[in-house]
Amino acid sequence: MILIVFLVLLILLSSPESLLGGVPVDCHERCGSLNIPFPFGVTDGCFREGFRLRCNNISSVPHLYLESDTELTMPITNISLPTGEVRIRHPILYECYGQARRTASPPFSVNISGTIYTFSDTSNRFTAVGCDTQGYINGTVNSTGSMTPFTVGCISTCYQSESVVNGVCSGIGCCQSGIPKGIKYFEVGFNSYYNHSRVFNFNPCSYVFLVELDHYKFTSQDISEEFYSEYSGWVPAVLDFSIGTESCGEARRKAGYACVSGNSVCSTASSGSGYICSCSPGYEGNPYLKNGCQGQSY
Ligand SMILES: *[C@@H]1O[C@H](CO)[C@@H](O)[C@H](O)[C@H]1NC(C)=O
Ligand SMILES: *[C@@H]1O[C@H](CO)[C@@H](O)[C@H](O)[C@H]1NC(C)=O
Ligand SMILES: *[C@@H]1O[C@H](CO)[C@@H](O)[C@H](O)[C@H]1NC(C)=O
Ligand SMILES: *[C@@H]1O[C@H](CO)[C@@H](O)[C@H](O)[C@H]1NC(C)=O
Ligand SMILES: *[C@@H]1O[C@H](CO)[C@@H](O)[C@H](O)[C@H]1NC(C)=O
Ligand SMILES: *[C@@H]1O[C@H](CO)[C@@H](O)[C@H](O)[C@H]1NC(C)=O
């Protein structure tokens, strides 16, 4: 009997539903090794409006990108529905000094205005690594209804490699700062006091990046030139996503409310605007699909 129920369930789960009159679908899409859960999707009819992603199938290993990321600068590495997070690879930006020559990564800016995403202010830290280093990001942020310019950054100095301490990112070789809530647009900038001329023999480069706080631990080797290649040029960063801009209470009374599964709950998105859905305690699955939240079996 249990086996039959299980088989029926399996058939129900594996049969593709169709998008009829805006009813959520689960197309079971993948890009490379990554599952793409609804409301995300790459093919027409498989995603909720605003949740379209792009699977770049050109390279031997396909990568997933935000639809707005036309330059393919930030591949997606993880989608977490319960926390409302999308993890991306954020490039490490560098500025290096050689014999009277400066080399630097191309100017970097991100613009995810008009999308469902914002850079998470709780999970990410702006980070600068170097001994003659001022790093910053500037841009605009929607603060209390109007677009306000912001600049955040930090300064890191050291005079000898011995003063740099493993695991300590507080201004000697490494510094961090928080970022404002709700960032959708920023540019990255560098400055230095002496073009690294006084620290050149042990620290020719400055590095800056946004990084998921729990996924970067500064080590004293990071001030060396090998840092960039050791990290393959990128670090993980976190985007929060949200459904719409309304509160749960407002959205629940309207068509298009996204938490369609039984045993699902609505909560305010981390960005402070809009909402996300999750399964009630004791249930797991996809709250954005009809019957998506299933009782956990032990
Ligand atoms: C990627 O390309 C392969 C073969 O060219 C194809 O079978 C697969 O469906 C493509 N995947 C996506 C997500 O477009
Ligand atoms: C994605 O992130 C979530 C939450 O951090 C984690 O539980 C999950 O294992 C990750 N999935 C993959 C494929 O890395
Ligand atoms: C960011 O993108 C939005 C929408 O695509 C556009 O209207 C805006 O001008 C862009 N902002 C900047 C500073 O490029
Ligand atoms: C960021 O700073 C740079 C250099 O100071 C400046 O050229 C640029 O206009 C600034 N961008 C914003 C959005 O403020
Ligand atoms: C800024 O936020 C307000 C609501 O807080 C919204 O009405 C407005 O459209 C937003 N402006 C932009 C440019 O995104
Ligand atoms: C740093 O280098 C720039 C050119 O890249 C030069 O104009 C400037 O004078 C240098 N500053 C110092 C303090 O050496």
Side-chain angles (χ1 to χ4, degrees), residues 47-54 65-74 76 84 86 88 90-97 102-122 124-128 130 132-156 175-196 205-210 237 239-254 256 258 266-276:
F47 52 84
R48 186 186 173 95
E49 193 191 339
F51 286 79
R52 176 178 222 141
L53 301 175
R54 180 195 302 271
Y65 298 89
L66 305 186
E67 191 187 15
S68 61
D69 188 6
T70 50
E71 315 262 299
L72 311 180
T73 52
M74 306 187 300
I76 293 169
V86 170
I88 52 147
H90 189 289
I92 295 172
L93 291 315
Y94 61 87
E95 183 184 56
C96 295
Y97 288 86
R102 175 185 168 277
T103 53
S105 40
F108 184 73
S109 63
V110 177
N111 187 355
I112 48 173
S113 310
T115 72
I116 58 163
Y117 310 97
T118 61
F119 282 87
S120 168
D121 61 311
T122 49
N124 298 312
R125 291 292 176 274
F126 172 79
T127 306
D132 182 6
T133 302
Q134 302 165 37
Y136 63 88
I137 57 173
N138 64 358
T140 47
V141 66
N142 191 350
S143 164
T144 58
S146 66
M147 297 312 284
T148 311
F150 74 88
T151 303
V152 297
C154 62
I155 297 175
S156 170
C175 61
Q176 285 188 321
S177 81
I179 61 170
K181 201 182 210 41
I183 295 186
K184 287 175 180 280
Y185 170 68
F186 66 84
E187 299 172 20
V188 174
F190 289 99
N191 275 311
S192 72
Y193 288 112
Y194 306 111
N195 290 346
H196 286 251
C205 300
S206 292
Y207 303 100
V208 309
F209 43 88
L210 276 186
L239 304 174
D240 292 323
F241 67 81
S242 66
I243 313 274
T245 54
E246 293 173 319
S247 69
C248 290
E250 290 163 342
R252 200 174 278 131
R253 291 193 294 269
K254 294 188 182 163
C266 180
S267 56
T268 306
S270 307
S271 62
S273 170
Y275 64 94
I276 61 168

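Order of listing sets the numbers, starting from 1, for every ligand and every atom in it.
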Would you say [X]'s side chain and [Y]'s backbone share a donor-acceptor pair under 3.5 angstrom?
X      : Y      : answer
Tyr275 : Ala258 : yes
Asp132 : His196 : yes
Asn124 : Ala237 : no

Protein heavy-atom partner closest to [atom] - residue, atom, separation in Å:
atom                    : result
atom 11 (N) of ligand 4 : Asn138 ND2, 3.1 Å
atom 3 (C) of ligand 3  : Asn111 ND2, 3.6 Å
atom 5 (O) of ligand 4  : Tyr136 OH, 3.6 Å
atom 13 (C) of ligand 3 : Tyr185 CZ, 3.4 Å
atom 12 (C) of ligand 5 : Asn142 ND2, 3.4 Å
atom 4 (C) of ligand 3  : Ser113 O, 4.2 Å

- Do Leu239 and Ile112 pass the side chain to side chain contact (heavy atoms under 4.5 Å, CB included) test, and can you show the C-alpha distance, the side-chain angles, and the key distance before you say yes or no? CA-CA 10 Å; Leu239 304 174; Ile112 48 173; 4.2 Å; yes

- Message: Using side chain to side chain contact (heavy atoms under 4.5 Å, CB included), reason through Thr127 and Leu210 one step at a time and then give a plain yes or no.
- Response: CA-CA 6 Å; Thr127 306; Leu210 276 186; over 6 Å; no

- In Å and rounded to the nearest 0.5 Å, what is the CG to NZ distance from Asn142 to Lys181? 13.5 Å

- Protein non-hydrogen atom below 4.0 angstrom of atom 9 (O) of ligand 5 present: no

- Query: Should Gly189 be listed as contacting ligand 4, given a heavy-atom distance under 4.0 Å as the test?
  - Reply: no

- Does at least one non-hydrogen atom of Phe186 fall below 4.0 angstrom from an atom of ligand 4? no

- Query: In terms of atom number and element, which parts of ligand 4 are under 4.0 angstrom from non-hydrogen atoms of Gly139?
  - Reply: 13 (C)

- Under 4.0 Å to a heavy atom of Glu187 - the qualifying atoms of ligand 4, by number: 1 (C), 8 (C), 10 (C), 11 (N), 13 (C)

- Query: Taking it one step at a time, do His90 and Thr73 satisfy side chain to side chain contact (heavy atoms under 4.5 Å, CB included)?
  - Reply: CA-CA 8 Å; His90 189 289; Thr73 52; over 6 Å; no

- Task: Kindly state whether the ring of Tyr136 and the ring of Phe126 have centres lying under 6.0 angstrom apart.
- Result: no

